[in-house]
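Small disclaimer: the values here were computed from a predicted structure and weren't measured. Counting starts at 1 for both ligands and their atoms, following the listed order.
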Amino acid sequence: MRIAIFGMGYVGAVSAACLARDGHSVIGVDIDPHKLDLLRRGHSPIVEEGIQELTREVVDAGRLTVTDDVAQAISQTDISFICVGTPSRKNGSQDLVAVDKVAEQIGQALAGVDHYHTVVLRSTVKPGTTLERMKPLLESHSGKTLGQEFGLAFQPEFLREGSSIKDYDNPPFTVVGGDSARTLDQVRPIFEHLPCDFVGTEIGTAEMVKYACNAFHALKIVFANEIGRLSQSLGLDSRDVMHLVTLDRQLNISPAYLRPGFAFGGSCLPKDLRALLHMSKELDTDVPTLGSLIPSNHLQVDHAANFVLETGKRRIGLVGLSFKSGTDDMRESPLVELAERLIGKGLELKIHDPNVQLSRVIGANRRYIEETLPHLASQLMEDCRAMIEASEVIVVGLSDAALVEQVISHAREDQLVIDLVGLKDRTALKARYQGLCW
Ligand SMILES: NC(=O)c1ccc[n+]([C@@H]2O[C@H](COP(=O)([O-])OP(=O)(O)OC[C@H]3O[C@@H](n4cnc5c(N)ncnc54)[C@H](O)[C@@H]3O)[C@@H](O)[C@H]2O)c1
């Protein structure tokens with residue numbers, strides 16, 4: 001394909017060399033005459049393993065050329081990748097001056113071409129930038145309409161400096177948010193030889209994935225280092241500890257616990273986190289990230305409570321009370337916290353949980369309900385359907401198939417379902433719907 005790359009920095013220079021190596025005809029564009037001069041002479045403007053040799057090879061073969069003439073680059077290519085910088089401003093916001101400038105320039109250049117051109121933004125940008133900022137700039141400067149005369153996509157870049165050619169050839173996945181299937185079809189052939197999945201998605205999702213990945217990586221590093229400091233204070237080798245942590249591929253290094261949902265609770269996580277934080281105090285070892293987990297977890301309960309309170313409705317039905325499906329354990333259940341919050345605000349709350357019916361619970365849990373939660377015990381209803389029918393708002397707190405089935409079949413158009421669990425299939429749901437954080 002004929003490809004233009006805007007911004008010959010770390011991302012652009014590697015992408016340009018690799019795309020040219022893969023047989024494409026690549027034009028690099030930059031505002032820095034020094035970088036262009038280096039590239040013209042076959043030198044890469046960045047230091048990376050293997051990049052000098054690769055750049056020389058593709059420049060000598062005539063497959064990578066450079067220019068500062070945007071109109072020329074756009075007229076001679078079918079697709080552009082924008083890899084300009086998006087540095088932080090003092091207040092942490094993104095400086096999008098370079099992205100805006102390139103969008104204006106490409107827009108002006110598009111006005112003069114009569115072939116369909118696809119613009120792919122690869123710079124890391126806050127969600128909304130591609131459609132709310134680039135699209136209007138491209139349309140107003142070109143006089144053309146997205147989807148008719150040009151396509152637009154966002155493709156997050158996952159390469160790391162220091163190993164970027166290897167990362168380019170072995171990405172975790174290729175994610176492309178496109179304005180249309182046509183745009184995705186234009187991008188796909190460029191990357192489909194890579195040994196990973198090609199995932200087409202919404203543009204905003206693709207923009208957010210990059211931030212989610214980088215935040216997750218930072219979180220992993222900080223987590224390992226906090227466990228490291230704590231282990232060291234305890235006289236333990238943190239590398240042994242963390243090595244064993246990584247060997248658990250079921251709960252630790254896996255998709256487990258990575259689906260947005262309701263707060264955690266139960267008999268272990270809150271208790272053991274508190275113990276860990278107490279240890280850290282005794283050992284004078286600060287672990288601010290671990291210390292932020294319980295407050296953040298409370299915010300998730302607040303978030304759910306706020307949705308209910310903001311409806312202004314009074315008759316609320318809560319489906320579930322125990323801390324997770326299939327158990328009657330209510331110790332530190334976040335649904336108990338939510339129920340108490342709603343009752344405290346004077347709402348008429350009714351609760352159904354098949355595992356927490358006073359007629360059925362026995363032993364310690366019965367005592368727990370009667371002694372610790374007498375105010376909730378009186379709100380329990382055995383008949384789920386009757387509770388749903390009597391409620392204005394139904395809060396789904398557990399995902400047992402039988403409970404979900406009751407909600408889907410009995411909730412009416414005039415009711416609102418607030419979903420804390422991420423109902424998988426709600427095509428048959430008649431009620432209005434509010435997801436907790438999706
Ligand atoms: N560096 C990385 O490892 C990495 C990895 C993933 C994503 N990213 C993201 O990719 C983007 C680029 O990062 P980078 O490290 O390559 O940046 P960089 O600063 O190394 O390179 C940016 C290049 O864009 C050029 N430029 C600026 N305005 C221009 C314009 N109007 N026209 C053409 N060129 C212009 C600059 O001269 C510079 O050469 C950023 O948004 C960054 O967050 C970077």
For this session: Evaluate the criterion side chain to side chain contact (heavy atoms under 4.5 Å, CB included) for residue pair Glu49 and Lys166; output intermediate values, then yes/no.
Result: CA-CA 9 Å; Glu49 194 188 336; Lys166 279 195 203 106; 3.5 Å; yes
For this session: Please state whether the rings of Phe307 and His303 are parallel, tilted or perpendicular, taking 30° and 60° as the class boundaries.
Result: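 The arrangement is perpendicular - the two ring planes meet at more than 60°.
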For this session: Evaluate the ring planes of Phe191 and Phe81, with Trp represented by its six-membered ring, and classify them as parallel (under 30°), tilted (30 to 60°) or perpendicular (over 60°).
Result: perpendicular
Give yes or no for whether the N/O distance cutoff of 3.5 Å, strictly under, is met between [X] and ligand 1.
X: Glu161; answer: yes
X: Lys101; answer: no
X: Glu157; answer: no
X: Lys35; answer: yes

Give the residue and atom name of whichever protein heavy atom lies nearest to [atom], and the separation in Å to one decimal.
atom: atom 37 (O) of ligand 1; value: Asp30 OD1, 2.6 Å
atom: atom 28 (N) of ligand 1; value: Ile31 CD1, 3.4 Å
atom: atom 30 (C) of ligand 1; value: Val102 CG2, 3.5 Å
atom: atom 42 (C) of ligand 1; value: Thr124 OG1, 4.0 Å
atom: atom 11 (C) of ligand 1; value: Val84 O, 3.4 Å
atom: atom 40 (C) of ligand 1; value: Thr86 OG1, 3.5 Å

Exercise. Does any non-hydrogen side-chain atom of Leu39 lie less than 4.5 Å from one of Met8?
Worked result: yes
Exercise. Are Ser123 and Leu121 side-chain neighbours, meaning at least one heavy-atom pair lies under 4.5 Å?
Worked result: yes
For this session: Could you pull out the closest heavy-atom pair between Pro270 and Glu332, with the gap in Å?
Result: CB-OE1, 3.1 Å
Problem set entry | Between Phe173 and Phe158, ring centroids under 6.0 Å | yes
Where ligand 1 meets [X] - atom numbers and elements under 4.0 angstrom, heavy-atom basis:
X: Val29; value: 33 (C), 34 (N)
X: Lys210; value: 6 (C)
X: Gly7; value: 23 (C), 24 (O), 25 (C), 33 (C), 34 (N)

Proximity winner for [atom], if only heavy atoms of [options] are counted:
atom: atom 16 (O) of ligand 1; options: Val14, Asp167, Val11; result: Val11
atom: atom 15 (O) of ligand 1; options: Phe158, Tyr10, Phe6; result: Tyr10
atom: atom 5 (C) of ligand 1; options: Asn214, Leu159, Asp68, Asp95; result: Leu159
atom: atom 12 (C) of ligand 1; options: Ser15, Ser123, Pro87, Cys83; result: Cys83

Exercise. Does any N or O in the side chain of Asp419 come within less than 3.5 Å of the main-chain N or O of Gly422, such that one atom is a donor and the other an acceptor?
Worked result: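 It does hold such a pair.
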Exercise. Would you say the side-chain atoms of Arg63 pair up with the backbone N or O of Ala20, donor to acceptor, closer than 3.5 Å?
Worked result: yes
